[in-house]
Amino acid sequence: MDLTDRAVAMPPQRPRFERVQLNTRVRVEIEQTLQRFVVDHNTTVQSSVDLALAEFLAARGYPLLPADDDGRSR
């Protein structure tokens with residue numbers, strides 16, 4: 001059995017979105033809880049914060065703006 005017979009197929013790539021650095025600080029308790037969530041749900045801090053902010057803003061009347069064809073928001 002050579003290397004190609006044992007290779008595992010790569011999962012499909014996730015869509016890429018333009019991202020910006022959001023410099024902020026959170027309480028220690030929030031960071032610890034977030035880290036626990038990330039491990040328990042096999043996700044990332046970036047994905048969790050992105051979704052949490054989108055849901056928070058949408059609930060307050062600020063839905064996401066439509067993205068351009070290249071994935072950037074207007």
**Prompt:** OG1 of Thr33 to CZ of Arg27: how many Å apart, nearest 0.5 Å?
**Reply:** 9.0 Å
**Request:** Carefully, step by step, assess Leu22 and Leu53 under the rule side-chain contact (heavy atoms from CB on, under 4.5 Å).
**Result:** CA-CA 12 Å; Leu22 182 62; Leu53 284 172; 3.9 Å; yes
**Asked** What do you reckon, is CZ of Arg19 surrounded by more than 12 foreign heavy atoms closer than 6.0 Å?
**Response** yes
**Prompt:** Does any pair with a residue in residues 21-49 pass ring pair (Phe, Tyr, Trp, His ring centres under 6.0 Å), and if so which ones, sequence neighbours excluded?
**Reply:**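 Output for this query lists Phe37-His41.
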**Message:** Donor-acceptor check, side chain of Arg60 to backbone of Phe56, threshold 3.5 angstrom: yes or no?
**Reply:**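 Looks like yes, one N/O pair under 3.5 Å.
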**Request:** State, to 0.1 Å, how close Thr44 and Val38 come at their nearest heavy-atom pair, and which atoms those are.
**Result:** C-CG2, 3.7 Å
**Heavy-atom side-chain proximity of Leu64 to Leu57 below 4.5 angstrom** = no
**Asked** Are the side chains of Glu31 and Val45 in touch, meaning some heavy atoms are under 4.5 Å apart?
**Response**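 When only atoms from C-beta onward are counted, Val45 and Glu31 do not touch, as no gap falls below 4.5 Å.
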**Asked** Do Val28 and Ile30 belong together in a cluster built from hydrophobic side chains that touch within less than 4.5 Å?
**Response**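 No, separate clusters.
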